[in-house]
Amino acid sequence: MPQFAQRGGELLVNGQPLRLLAERVGRTPFHAYDRGLLRARAAELRAALPAAVKLHYAMKANPMPALVGLMAQLVDGIDVASAGELQVALDAGADPREVSFAGPGKREAELQQAVAAGVLVNVESARELRLLAGIAQALGRPARVALRVNPDFELKGSGMRMGGGAKPFGIDAEALPALMAQLRQDGLAFEGFHLFAGSQSLRADAICEAQLRSYELALRLAEHAPSPVRCLNLGGGFGIPYFPGEQRLDLAPIGANLHRLCERAARELPQAALVLELGRYLVGEAGIYVARVLDRKVSRGQVFLVTDGGLHHHLAASGNFGQVLRKNYPVAIGTRMDAADTEVVSVVGPLCTPLDVLAERMALPVAQEGDLVVVFQSGAYGASASPQRFLGHPACAEVLV
Ligand SMILES: *Cc1c(COP(=O)(O)O)cnc(C)c1O
């Protein structure tokens, strides 16, 4: 991937040569995240989006504490999806006023922690409202709530749909007016709405359409709200290219669309801040997964590079995290960056299962034992989204460089 520089045939991670980095980590495999690329991505987004739009980091994408600490400085807020993530976000120095907590099936203890911390709870059901009212009363402090809406549309061309139709996420839009009529309960501080139509879309037109429809739905719902909308979270869904032929998302039309929505909001919802919550777009391209070649085998004419890393650290790259047809993530030999791709090989992991594939029949430079294989686009949904205990291999190291 062109984002990472190289020198003398070796990949550089924020200026550090890969072999030296592997020595400083002390072992392979590991995930490495490049601070320079993380900063550049946040700056690129800021430049493309209206200044009035708040940028949140959805830390589900990568909850490594040091990385969350950096992101807390680069964005306006952090979105968490469990009390465990809430703890990391608060430790990272995130301002509780700019932390929101979404996710179905919140436990009562988690809601209690959220109210005590003073974060915004994106409410996903009538049950959560009931529990929050009780908690607010018991703690003697208001529960800050936004209603997560299950919209009557979805994000087109997205990898994962999380809104529209029957969904476990949020509350059906059509059920909200009746629910809001009872919302003047003591202790519940209504702040706005949260909509999240889907994830991993590379189509700017589809994202703009989802933002517009989300905005208009929230505007209709605001007529039934107990108090003015102060926060309108329009979701995210910005994708990154993983596979050959995929085009990078064009931010310009999205920026223009948000400028129009900000102008409308200034008139129609004058107290509301518009919020975007992004996970993979902020961190995905800044991370790599690095594994060492343990063995080079030939089976009936096919070359296999067997590495110490695999699906137990990077389920997504193995094709087993939501893909329908397996495709290769971008892969390189990080210790032979200037050599030509002269042989077709499969890169596999050490697990005793045919699912443990990092690259299937890919053209790469000739690699030997000890070389370092790099999987790009690995900064999101890597270590924390993989079955690290599967087969009892060592856990994955992670470094912020
Ligand atoms: C998963 C999730 C995100 C982040 O999605 P990305 O594709 O990583 O940007 C944001 N918001 C909510 C509510 C989510 O569930």
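Atoms within a ligand are numbered from 1 in the order they appear, just like the ligands themselves.
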#### Entry: Lys106/Glu110 ion pair, N-O < 4.0 Å
no

### Summary
A student checking ligand 1 against Ala58 at a 4.0 Å heavy-atom cut-off should list atoms 3 (C), 4 (C), 10 (C)

### Task
Ignoring hydrogens and angles, tell me if any N or O in the side chain of Asp356 forms a donor-acceptor pair with the backbone of Leu311 under 3.5 Å.
yes

### Query
Are Phe390 and His312 close enough that their ring centres sit under 6.0 Å apart?
no

### Message
Measuring only between side-chain heavy atoms, which start at C-beta, is Val374 closer than 4.5 Å to Leu18?
### Response
yes

### Task
Tell me, please: is Tyr281 in heavy-atom contact with ligand 1, that is, under 4.0 Å?
no

### Summary
A student checking ligand 1 against Ser199 at a 4.0 Å heavy-atom cut-off should list atoms 5 (O), 6 (P), 7 (O)

### Task
Decide whether an N or O pair under 3.5 Å exists between Tyr381 and ligand 1.
yes

### Query
Side chains of Ser199 and Arg280: donor-acceptor distance under 3.5 Å anywhere?
yes

### Query
If you measure from atom 14 (C) of ligand 1 to every heavy atom of Lys60, His56, Glu124, Arg280, which option wins on shortest distance?
Lys60

### Polar proximity ligand 1 side, Gly279 side, N/O cut 3.5 Å exclusive
yes

